[in-house]
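To keep things clear, I will list the structure first and then write my remarks on it.
The model shown is predicted, which means the values in this text are computed figures rather than measured ones. Worth knowing before you read on, the calculation uses all heavy atoms, side chains too, and leaves out hydrogens, waters and symmetry mates.
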Amino acid sequence: MQVLNLDEKNTERMDAINKFTLMDDTFMTQVFSSDLECTEELLKIILKRDDLTVTKSVTQLTIGNLFGRSVRLDIYANDSEGKQYDIEVQQDDSGAVPERARLNSSLFDTRLTTSGSKYTEMPETYIIFITSNDVLVGGLPIYTIERTVQETGKLFNDKAHIVYVNGSYRGDDEVGWLMHDFNCVNYHEMHNAKIAARVRYFKEEPKGVADMCKTMQVIVDRERDEAEVSRSKKSHGICGKMESMILIKLQRPHCCPLSRYERLLHKRKRKIYYRGCCSSGFFRY
């Protein structure tokens with residue numbers, strides 16, 4: 001295995017950055033991270049809402065699940081009306097199946113609710129998938145999925161929405177221009193000036209390029225850690241019943257902030273996986 005020196009690593013990363021498009025989630029999340037204006041622009045075009053004002057935009061937010069699969073959101077945003085948004089980009093059709101949207105929507109809701117709150121106080125949510133291909137094969141630029149009462153045809157009005165954006169659409173309209181921009185390597189060819197400016201910053205500005213390189217390294221380190229945890233879990237064959245008993249003990253206290261809880265959960269689950277099935281060590285936590 002060849003060991004790259006620092007210059008070779010930087011050259012390799014620069015080549016990767018120059019080839020990035022917004023359909024690469026690594027690059028897309030960096031471009032939209034904490035940028036309220038660009039996130040707002042994206043949502044206004046997709047949802048056709050000129051009155052929308054984004055108040056928060058973060059990327060790579062992990063929602064932990066004690067007893068099953070967790071999810072990592074590409075972009076999590078909310079607006080001035082309290083509506084919540086999860087925006088995902090998917091190049092692989094298998095990553096945008098309806099069941100994936102269902103999982104994201106369900107875990108999204110668990111993050112947005114608190115013990116004792118009224119059901120009617122649950123915020124309106126949007127799970128948005130921007131896909132490379134026309135996953136739903138209807139030839140449309142956008143698909144909006146809503147629960148309905150089949151017998152009456154009326155909306156169920158549960159305030160949960162799922163939206164698929166066809167990344168292959170190239171119509172002469174705002175959505176077509178946006179999808180063109182998402183597939184552009186060269187920011188000079190983009191239609192949207194706000195998004196093009198952010199792409200230029202991370203591809204050409206020294207600080208932007210440095211930030212992009214740091215993000216790439218963080219992702220590499222995180223994926224390596226997750227692979228190690230997965231391998232350890234498989235090799236030790238953790239007993240489902242014993243793991244469930246431990247995870248029950250890790251349920252979030254009402255007073256514990258969710259972000260801190262998720263960090264503690266991730267740390268503890270890693271320790272559990274590394275300990276494997278050793279009964280002498282399982283109940284020390």
| query | For T26 and D24, what are the C-alpha separation, side-chain angles and deciding distance, and is it a side-chain hydrogen bond (donor to acceptor under 3.5 Å, both in side chains)? | reply | CA-CA 5 Å; T26 301; D24 295 291; over 6 Å; no

| E41 vs R198, side chain to side chain contact (heavy atoms under 4.5 Å, CB included): CA-CA, chis, key distance, verdict | CA-CA 12 Å; E41 190 81 0; R198 284 287 285 177; over 6 Å; no

| Test log, rule side chain to side chain contact (heavy atoms under 4.5 Å, CB included), inputs I130 and M28 | CA-CA 11 Å; I130 302 173; M28 188 274 281; over 6 Å; no

| request: Go through the steps to decide whether V71 and D86 satisfy the test side chain to side chain contact (heavy atoms under 4.5 Å, CB included), and finish with yes or no. | output: CA-CA 11 Å; V71 298; D86 165 28; over 6 Å; no

| Between V209 and E204, is a side chain to side chain contact (heavy atoms under 4.5 Å, CB included) present by the stated rule, with each step listed? | CA-CA 6 Å; V209 171; E204 290 189 356; 5.8 Å; no

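The two residues N18 and K203 have their closest heavy-atom pair at O-NZ, 3.1 Å. The two residues D74 and I87 make their nearest non-hydrogen contact at CB-O, 3.1 Å. Nearest heavy-atom pair, T59 versus F32, reported as atom, atom and distance to 0.1 Å: CG2-C, 4.3 Å. The shortest non-hydrogen separation linking A96 to T131 is CB-CG2, 3.6 Å. The minimum heavy-atom distance between T62 and R111, with the atom names listed, is O-NH1, 4.5 Å. The shortest non-hydrogen separation linking E146 to T144 is OE2-CG2, 3.7 Å.
The number of heavy-atom neighbours closer than 6.0 Å to NZ of K159, taken from other residues, nucleotides and ligands shown, is above 12. Within 6.0 Å of CD in Q150 there are 12 or fewer heavy atoms belonging to other residues, nucleotides or ligands. Other residues, nucleotides and ligands place more than 12 heavy atoms under 6.0 Å from the CZ atom of R49.
Linking ILVMFWY residues whenever their side-chain heavy atoms come closer than 4.5 Å, directly or via other members, leaves V199 and W177 in distinct clusters. In terms of hydrophobic clustering, with Ile, Leu, Val, Met, Phe, Trp and Tyr side chains grouped at heavy-atom distances under 4.5 Å, L42 and Y169 are assigned to a common cluster. Under a hydrophobic clustering in which Ile, Leu, Val, Met, Phe, Trp and Tyr are joined whenever their side-chain heavy atoms come within less than 4.5 Å, directly or via other members, I127 and V58 fall into the same cluster. Linking ILVMFWY side-chain heavy atoms closer than 4.5 Å, directly or via other members, places I46 and V175 in a single hydrophobic cluster. In the hydrophobic clustering of this structure, F202 groups with M14; members are Ile, Leu, Val, Met, Phe, Trp, Tyr whose side-chain heavy atoms approach within less than 4.5 Å, directly or through other members.
Inter-residue side-chain proximity for V165 and F182 is flagged as unmet; no heavy-atom pair is nearer than 4.5 Å. Side-chain contact between P98 and I162 is absent, with no heavy-atom pair separated by less than 4.5 Å. Side-chain contact between Y85 and I75 is absent, with no heavy atoms from C-beta onward closer than 4.5 Å. When side chains are defined from C-beta on, L136 counts as touching I145, because their heavy atoms get closer than 4.5 Å. For the pair R170/N183, a side-chain contact is recorded, criterion being any heavy-atom separation below 4.5 Å from C-beta on.
Remark: D134 engages Y143, N166, S168 in a side-chain contact (heavy atoms from CB on, under 4.5 Å) (not counting sequence neighbours). Partners of R147 by side-chain contact (heavy atoms from CB on, under 4.5 Å), not counting sequence neighbours, listed by chain and number: F156, D158, A160.
With hydrogens and angles disregarded, no donor-acceptor distance shorter than 3.5 Å links the side chain of S105 to the backbone of R102. Of the possible polar contacts, one joining the Q91 side chain to the M23 backbone as a donor-acceptor pair under 3.5 Å is found. No donor-acceptor distance shorter than 3.5 angstrom exists from the side chain of T21 to the backbone of V185, with no hydrogens or angles considered. Without hydrogens or angle criteria, N192 side chain to K194 main chain gives a donor-acceptor distance under 3.5 Å. Between the side chain of S33 and the main chain of Q30, no donor-acceptor pair closer than 3.5 Å is present. With E40 contributing its side chain and V54 its backbone, the two residues share a donor-acceptor pair below 3.5 Å. Here the side chain of T215 pairs a donor or acceptor atom with the backbone of D211 at under 3.5 angstrom. The backbone N or O of A77 sits nowhere less than 3.5 Å from a side-chain atom of S57 that would complete a donor-acceptor pair.
Annotation: the span from T29 atom OG1 to L61 atom CG amounts to 12.0 Å, rounded to 0.5 Å. Here H191 contributes atom NE2 and H180 contributes atom NE2; the two are 4.5 Å apart, rounded to the nearest 0.5 Å. Rounding to the nearest 0.5 Å gives a distance of 11.0 Å between SG of C184 and CD1 of I195. Note that CG of L22 is 14.0 Å distant from OH of Y187, once rounded to the nearest 0.5 Å. Between the CG atom of D173 and the CG atom of L178 there is a distance of 10.0 Å, given to the nearest 0.5 Å. We find the CD1-CD distance between I45 and E174 to be 5.0 Å, quoted to the nearest 0.5 Å.
In summary, K83 and E81 engage in a salt bridge, as defined by a charged side-chain N under 4.0 Å from a carboxylate O.
Using bins of under 30°, 30° to 60° and over 60° for the plane-to-plane angle, the ring pair F27/F20 lands in the parallel bin.
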